[in-house]
Amino acid sequence: MTNAPAPAAASPPSDFIRDVVTADLAAGRHQTIVTRFPPEPNGYLHIGHAKSICLNFGIAREFGGRCNLRFDDTNPTKEETEYVESILTDVRWLIGGWADPHLGLKPKGQPPIAQTLNGRPDFYLGAAPLPPDSAPAEGEAPSLEPFHASDYFPQLYAYAVQLIERGLAYVCDLSADDTDRYRGAPDRPGQESPFRKRPIAENLDLFERMKRGEFPDGTRTLRAKIDMASPNVWMRDPVLYRIRHAEHHHTGNAWCIYPMYDFAHCLSDYLEGITHSICTLEFEVHRPLYDWILEHLDLPRPLPHQYEFARLNLGYTIMSKRKLMQLVREGDVAGWDDPRLPTLSGLRRRGVRPEALRHFAYNIGITKYNALTDVAVLEKAVRDDLNAIALRRLAVLRPLKVVLTNYPADQTEELDAVNNPEDSAAGTRRVPFSRELFIEREDFAEQPPPKFFRLRPGGEVRLKYAYIIRCDEVVYDDSGQILELRCTADLGSKTGGPTATRKVKGTLHWVSAAHAVPAEVRLYDRLFTVPEPDAAGDFKAHLNPHSLETLTARLEPSLKDACPKLRYQFERLGYFTRDADTNAAGAGAASPLVFNRTIGLKDTWAKEAAKPA
RNA sequence: UGUCCGAUGGUGUAAUGGUAGCACAGAGGUCUUUGGAGCCUUUAGUCUAGGUUCGAAUCCUAGUCGGACAGCCA
């Protein structure tokens, strides 16, 4: 039926929206499916948008269709080019290698095409043809660009005129306050505007003069003439156009009247030939208006239909653009790409890969139930993804010196270490070993709790890839702090040695003190201390003061050349990635070595240790 | 006291009138030169009350609880 793309690794998702798509295709209502992802460029994309992107592009991919990237930019006072650029970057990043052939873009500068269908006038702007099977070249085809609702201002204006001509819209002189008052309340009908019966010719003239800029902001609006007594407040003569003498990031000063969301969105969908317009639950109440506008205009092609699903709520974080913006502006985080934020740029900088986000989106499903998703689901998806591809390395976060008293002071060995036990093709590397080492401070306990099987006085542990050592002596400094551990190595216990197979309970990571490379490591924790920070009251009161911990770690030497594009697992510690932005800002050889911890390893010991004795 | 939408283990999600399944989380075990990963086992669910039906998570009615909606935001 469709020229199906490569099948998904797992079975394709099933949900009520995909059911509708399947049924529409089976019934022959559409030849191909066209969805759209319509962000307003007034902020950065977050993981909630990722859910929507994966849904819309996923459907395009599964059904051999297309998903248009469209900026819903009808409010010049809130939108900026910075956001347009970040959104494009984030979308390409998320769908890259997965659905990019289904990304609907249009020829640069191409306006909607005026055509005649069965003698009826029409406007249409389809996406450029799907690219050939080969993956698109690095960077964007320069001849293509995303869609913009603001590109349709001329057509939208024409449709508004049509509504006026049909007696279905009027220019209203009520102030914003009065408009509110006349609207009534959900449980109380509104009353009609005194301007509702304005003659068509006068409406036409006034609307034209609104467009020409003859009236100041807020003095007049264009309203649909529907039903002020409707139980649905959105049908009580909703505003279609408002006056805003403001420069628009995309259309400059060409317009001083701007269409409202409800008027622009359904018609933008129609113009682009969208078949399924998928949005979040809060627009459910708007659907009658979406349909009303389309049904009362002369539109010869099949009409798009709106479907709503529940937005993503994730535990211990916030998704509101307004609140994210507040954190950025008030300096609670370092920027939109702060790795603690659920923004796509933040997650990317933290080291999360798009593959993980796509699996996450697949796992949480699509419903109309307003759910709170456990962060553990995200964390699981991130770990699974990283576990498969991360290069294993040895690094010590909080160093404790160990001296091997029976190991020659002038000797250095290069030991073989496995890069990824999950992937033999990742090969091995050499790690230097010598008399003086660092181990993790918390891997030694003078008074070990029950079931602690790391190093203790007189105890033995395996040093990964190296020897079994025994702790002979604890050396203290003047203040009574542990200065170093003096240990003896079982020199026959190295891989291949006579005592190599001796069983010791614990295996520790380590680095050679003389060879270790210092680096800044940033450990991130959840941004908030409660599952629903914005449930009530001031969400900032729940900010986690320990969401970022910065320390200087000691790394095995190979990490000196770590690539920001790769992912690493510091053994027994977690997944880390070199901070790309810091790296980019650094000057050549002086470029600082900074690592972000994407996420820790699952820690069953922490759970065990937390159990009441 | 308005309209619309929703409700399945702790969490999230399947089952489209025919054996309530999966994932996450939890518990136990196994393996382990990562207390990671893997493998095995396991706890736990259809909001309530009626009705239709041979048979209801599913259809109907009423109720309960939850959410969205009163921007010249999207």
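Within every chain, numbering begins at 1; the chains are lettered A, B, ... in the order of the sequence lines, protein sequences first and strands thereafter.
Within the 4.5 Å cutoff, the side chain of A:Phe433 has no heavy atoms near those of the A:Ser512 side chain.
At a threshold of 4.0 angstrom between heavy atoms, the contacts of A:Arg236 with the nucleic acid are absent. Using a 4.0 Å heavy-atom criterion, one finds that A:Thr77 contacts no nucleic acid atom at all. Within the nucleic acid shown, A:Ala371 comes within 4.0 Å of sugar-phosphate atoms alone, with no base atom in reach, counting heavy atoms only. Using a 4.0 Å heavy-atom cutoff across all strands shown, A:Tyr241 reaches no nucleic acid atom at all. The residue A:Thr179 sits close to a base: some heavy atom pair falls under 4.0 Å. Among the protein residues, A:Glu284 comes within range of the sugar-phosphate backbone only, with heavy atoms under 4.0 Å from sugar or phosphate atoms but none that close to a base. Residue contacts for A:His509: at a heavy-atom cut-off of 4.0 Å it reaches no nucleic acid atom on any strand shown.
Map A:Lys368 and A:Ala376 each onto its nearest nucleotide of RNA chain B; the residue landing nearer the 5' end is A:Lys368. Take the nearest nucleotide of RNA chain B for A:Ala500 and for A:Gly184: the residue whose nucleotide is more 5' is A:Ala500.
Taking A:Asp374 as the reference, A:Ala376, A:Val377 meet the side-chain contact (heavy atoms from CB on, under 4.5 Å) condition, with sequence neighbours excluded. A search for side-chain contact (heavy atoms from CB on, under 4.5 Å) contacts involving A:Val431 returns A:Leu394, A:Ala417, A:Arg429, A:Trp510, A:Glu556, not counting sequence neighbours. Under the rule for a ring-ring contact (aromatic ring centres under 6.0 Å, His included), A:Phe37 has no partner lying at least two apart in sequence or in another chain.
Non-hydrogen atoms lying under 4.0 Å from RNA chain B are contributed by A:Pro421, A:Glu422, all within residues 419-429 of chain A.
Comparing the P positions of B:A23 and B:A14 gives a spacing of 15 Å, expressed to the nearest Å. Rounded to whole Å, the P atom of B:A57 lies 11 Å from the corresponding atom of B:U48.
B:G66 has its base anti relative to the sugar, with a glycosidic angle deviating from 0 by more than 90°.
Where pairing requires Watson-Crick or G-U contacts shorter than 3.5 Å, the helical stems of RNA chain B with at least three consecutive pairs are B:2-7 with B:64-69, B:10-13 with B:21-24, B:26-30 with B:38-42, B:47-51 with B:59-63.
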Next on the checklist: I'd like to know whether A:Arg242 forms a side chain to side chain donor-acceptor pair (under 3.5 Å) with A:Thr221, so could you lay out the CA-CA distance, the side-chain angles of the two residues, the decisive distance to 0.1 Å, and finally the verdict.
Outcome noted: CA-CA 5 Å; A:Arg242 77 285 218 188; A:Thr221 57; over 6 Å; no
Checklist entry - Would A:Phe195 and A:Tyr170 satisfy ring-ring contact (aromatic ring centres under 6.0 Å, His included), going step by step from the backbone distance to the final call? => result CA-CA 8 Å; A:Phe195 305 96; A:Tyr170 61 97; 8.4 Å; no
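Heavy-atom contacts of chain A under 4.0 Å fall on RNA chain B between two terminal nucleotides, which in 5' to 3' order are B:G2 to B:A74.
Judged by distance alone, the side chains of A:Arg36 and A:His265 do bring a donor and an acceptor atom under 3.5 Å apart.
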